[in-house]
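What follows is a short report on a single structure.
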Amino acid sequence: MTAPVFVADRLPDGAGRGFVLDGPEGRHAVSVKRLRPGEVVVLTDGAGRWAEGEVTAAEGKDRLVVDLGAVREEPQASPRLTVVQALPKGDRGELAVETMTEVGVDAVVPWAAARCITQWKGERGLKALGKWRSTAREAGKQSRRVRFPEVADAAGTRQVAALLAEADFAAVLHESGDRPLASAALPEHGSIVLVVGPEGGVAPEELALFEEAGALPYRLGRSVLRTSTAGTAAAALILGRTGRWD
């Protein structure tokens with residue numbers, strides 16, 4: 001079992017004694033995880049900087065004191081994997097973000113597709129986006145990541161097309177695809193972008209626009225997955241094929 005991960009927004013430049021983790025993260029470490037002196041933890045800023053440390057004291061309900069080792073930098077993984085996720089109903093979007101984070105996706109782009117029942121507007125949209133980002137952070141800690149996935153602002157179809165045009169490999173997961181994703185030619189470096197449509201499917205005009213941008217429809221298998229699980233399944237396949245799970 002690897003050491004538990006906690007977020008420290010400001011890590012020192014080098015090793016140091018007596019680093020204090022407080023606030024919500026300190027409270028979770030002391031009152032929920034009940035960490036004690038001598039136990040090992042990992043502190044990260046969630047953007048690749050991290051350090052392993054040994055707990056020297058647990059004070060009160062929310063103050064953990066740690067002697068930190070050297071601060072390290074985890075490089076960006078390559079090829080970089082982004083999933084464009086159409087907005088699902090209810091909490092299925094958070095489920096998708098959680099499981100995609102666990103398997104290793106690097107970025108998630110919420111997509112307001114034409115056939116999405118859910119629409120992010122005004123304060124409701126900002127609240128939903130905040131939940132996705134919070135979910136990515138918590139799932140990143142749970143899965144022992146030190147570089148959490150970026151959750152972008154919600155994108156429209158033309159913004160997604162522009163993203164696809166810049167990718168080294170781009171695919172739309174769609175039941176009409178006659179190309180299996182399992183045998184697609186993938187780049188060793190650069191960027192991969194996968195599009196997951198809504199429960200109602202990707203509209204024909206969206207498929208056409210994405211194809212113009214270089215993203216063809218691909219299928220995962222014989223079964224049709226829900227929008228909240230398709231991205232996770234496809235990401236696992238891609239990460240395994242590119243060697244990132246080696």
Side-chain angles (χ1 to χ4, degrees), residues 76-89 92-101 103-122 124-126 128-133 135-136 148-179 181 184-187 190-220 224-239 242:
Q76 285 273 10
S78 185
R80 177 178 169 84
L81 177 57
T82 296
V83 175
V84 175
Q85 173 66 58
L87 305 178
K89 295 181 294 184
R92 287 189 173 275
E94 291 148 60
L95 172 63
V97 171
E98 179 180 52
T99 53
M100 287 191 290
T101 298
V103 300
V105 165
D106 301 299
V108 178
V109 178
W111 172 36
R115 293 178 176 175
C116 283
I117 295 175
T118 298
Q119 295 294 327
W120 287 1
K121 295 180 180 179
R124 180 181 179 184
L126 292 175
L129 178 60
K131 286 183 178 180
W132 281 34
R133 287 174 172 164
T135 297
F148 304 159
E150 301 168 13
V151 179
D153 292 340
T157 297
R158 291 199 174 277
Q159 291 172 300
V160 172
L163 179 66
L164 297 173
E166 296 175 354
D168 295 286
F169 174 81
V172 181
L173 304 181
H174 197 265
E175 59 188 3
S176 69
D178 56 4
R179 305 166 185 81
L181 190 62
L186 302 176
S191 64
I192 295 173
V193 181
L194 303 177
V195 177
V196 178
E199 296 290 357
V202 182
E205 58 272 19
E206 292 170 332
L207 277 176
L209 185 62
F210 294 163
E211 186 167 349
E212 287 178 14
L216 300 175
Y218 282 79
R219 58 178 170 81
L220 275 172
V224 177
L225 302 182
R226 298 200 69 162
T227 185
S228 54
T229 55
T232 300
L237 174 63
I238 293 292
L239 293 170
T242 56

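Predicted model only: the values in this text are computed from it and were never measured. The first residue of the sequence shown is numbered 1, and numbering continues consecutively from there.
A pairwise comparison of heavy atoms in Ala155 and Val109 identifies CB-CG1, 3.8 Å as the closest pair. Between Pro198 and Cys116, the shortest heavy-atom contact is CB-SG, 3.8 Å. Residues Ala113 and Gln119 share a closest heavy-atom pair of O-NE2, 3.8 Å. Scanning all heavy atoms of the two residues, the minimum distance from Tyr218 to Ala184 falls at CE2-CB, 3.6 Å. Considering all non-hydrogen atoms of both residues, Ser176 and Pro217 come closest at OG-CB, 4.2 Å. The two atoms that bring Pro187 and Ser191 nearest to each other are CG-O, 4.4 Å, heavy atoms only.
Taking the charged nitrogens against the carboxylate oxygens, Lys89 and Glu199 have no contact shorter than 4.0 Å, which rules out a salt bridge. Classification of Glu94 and Arg133 as a salt-bridged pair fails, no side-chain N sitting under 4.0 Å from a carboxylate O.
Residues Thr101 and Val97 are in side-chain contact: their nearest non-hydrogen atoms beyond the backbone lie under 4.5 Å apart. Side-chain contact between Ile192 and Asp168 is absent, with no heavy atoms from C-beta onward closer than 4.5 Å. Side-chain atoms of Pro79 and Leu186, non-hydrogen and from C-beta on, never get closer than 4.5 Å to each other. Counting heavy atoms from C-beta on, the side chains of Leu173 and Leu181 come closer than 4.5 Å.
Although no hydrogens or angles enter the test, the distance criterion places no donor-acceptor pair under 3.5 Å between the side chain of Glu166 and the main chain of Leu163. A donor-acceptor distance shorter than 3.5 angstrom exists from the side chain of Thr118 to the backbone of Pro88, with no hydrogens or angles considered.
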Point to revise | Steps toward side-chain contact (heavy atoms from CB on, under 4.5 Å) verdict (Thr99, Thr229) | key: CA-CA 8 Å; Thr99 53; Thr229 55; over 6 Å; no
Exercise for review: Could you give me the CA-CA distance, side-chain angles and deciding distance for Val84 and Val193, then say whether side-chain contact (heavy atoms from CB on, under 4.5 Å) is met?
Suggested key: CA-CA 7 Å; Val84 175; Val193 181; 3.9 Å; yes
Practice item. Given side-chain contact (heavy atoms from CB on, under 4.5 Å), test Arg226 with Arg92 step by step and report yes or no. Key: CA-CA 10 Å; Arg226 298 200 69 162; Arg92 287 189 173 275; 2.9 Å; yes
Review point. Does the side chain to side chain donor-acceptor pair (under 3.5 Å) test come out yes or no for Thr227 and Gln85, once each step is laid out?
Key: CA-CA 8 Å; Thr227 185; Gln85 173 66 58; 2.8 Å; yes
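Distance CG/Leu81 to CE/Met100: 9.0 Å, rounded to 0.5 Å. Interatomic distance, CH2 of Trp120 versus CG of Leu87, reported as 5.0 Å (0.5 Å rounding). The OG1 atom of Thr242 sits 14.0 Å away from the CZ atom of Arg80 when rounded to the nearest 0.5 Å. From Leu207, atom CG reaches atom CD of Glu212 across 11.5 Å, with rounding to the nearest 0.5 Å.
Thr157 is linked by a side-chain hydrogen bond (donor to acceptor under 3.5 Å, both in side chains) to Trp111, Glu206, counting only residues two or more places apart in sequence or in another chain.
At most 12 heavy atoms of other shown residues, nucleotides or ligands fall within 6.0 angstrom of atom CD1 in Ile117. Counting heavy atoms of neighbouring residues, nucleotides and ligands inside a 6.0 Å radius, atom CZ of Arg158 does not exceed 12 of them.
Just one of Leu194, Val202, Leu216 meets the side chain to side chain contact (heavy atoms under 4.5 Å, CB included) condition when paired with Val172; it is Val202. Thr232 pairs in a side chain to side chain contact (heavy atoms under 4.5 Å, CB included) with only one of the listed residues (Val103, Leu95, Val83), which is Val103.
Counting only residues at least two apart or on different chains, the salt bridge (charged side-chain N to carboxylate O under 4.0 Å, His left out) pairs with a member in residues 105-121 are Asp106-Arg244.
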